[in-house]
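Hydrogens, waters and symmetry mates play no part in the numbers below; they use all other heavy atoms, side chains included.
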Amino acid sequence: MTAGRTNDAGCPDVLTLTSVLDGRAHKVTDAELCAPHSVRTGRYAALCGHLVSPAPLIDVAGVPCGRCGQLDPTPPADEAPRRRPARRRGWGLRRMLPA
């Protein structure tokens, strides 16, 4: 992760972390995850302003924070830019080589 990096839609990358303090899944930007104060303390400021002490990432995600959902700058999944399917490779070789 790189601080300040943006995704294809021009929005900052946002990750969801469940807080051990309130059990809710909060949204945190990648810039906040890389900030020196966050790295030192192990706590991250969520979009809603809550200070998140993350639960282990193998735990089930908590109930989503409503305020973080309202403030999330990334487009919803149904509005995400569509990607073209990957091209199949090797089709021409199969046509030329004997079976």
Side-chain angles (χ1 to χ4, degrees):
M1 266 190 259
T2 304
R5 184 182 65 171
T6 58
N7 59 21
D8 294 338
C11 299
D13 288 333
V14 176
L15 279 72
T16 302
L17 297 176
T18 299
S19 175
V20 295
L21 301 175
D22 68 354
R24 293 192 177 274
H26 293 277
K27 295 185 181 255
V28 178
T29 63
D30 66 338
E32 178 64 22
L33 289 171
C34 298
H37 65 275
S38 297
V39 173
R40 254 191 332 271
T41 63
R43 291 187 171 179
Y44 309 96
L47 295 176
C48 67
H50 182 78
L51 199 57
V52 177
S53 291
L57 297 177
I58 60 170
D59 284 354
V60 178
V63 176
C65 171
R67 184 74 177 135
C68 283
Q70 293 172 348
L71 298 171
D72 189 358
T74 57
D78 57 343
E79 294 179 20
R82 304 226 185 259
R83 296 181 187 241
R84 290 181 19 191
R87 277 182 69 181
R88 282 181 59 184
R89 297 177 191 249
W91 181 79
L93 287 177
R94 277 187 269 147
R95 230 174 96 186
M96 289 194 261
L97 297 174

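Looking at heavy atoms from C-beta onward, L47 lies in side-chain contact with P73 at the 4.5 angstrom threshold. With a 4.5 Å cut-off on side-chain heavy atoms, T41 and L51 do not count as touching. Side-chain contact between H50 and S19 is present, with at least one heavy-atom pair separated by less than 4.5 Å.
D59 pairs by the side chain to side chain donor-acceptor pair (under 3.5 Å) definition with nothing, not counting sequence neighbours.
Here the OG1 atom belonging to T74 is positioned 9.0 Å from the CG atom belonging to D13, to the nearest 0.5 angstrom. Distance check, rounded to the nearest 0.5 Å: CG of L21 to NE2 of H26 gives 8.5 Å. Separating the OG1 atom in T18 from the CZ atom in R24 is a distance of 11.0 Å, to the nearest 0.5 Å.
In plain terms, the two heavy atoms of V52 and A46 that are nearest each other are CG2-CB, 3.9 Å. Closest approach of T16 and A25 over heavy atoms only: CG2-CB, 3.5 Å. Here the closest non-hydrogen pair linking G42 and P54 is O-CD, 3.4 Å.
Both L33 and L57 are assigned to one and the same hydrophobic cluster, defined by single-linkage of ILVMFWY side chains at heavy-atom distances under 4.5 Å. Under a hydrophobic clustering in which Ile, Leu, Val, Met, Phe, Trp and Tyr are joined whenever their side-chain heavy atoms come within less than 4.5 Å, directly or via other members, L15 and Y44 fall into the same cluster.
Judged purely by atom type and a 3.5 angstrom limit, S38 uses its side chain to pair as donor or acceptor with the backbone of E32.
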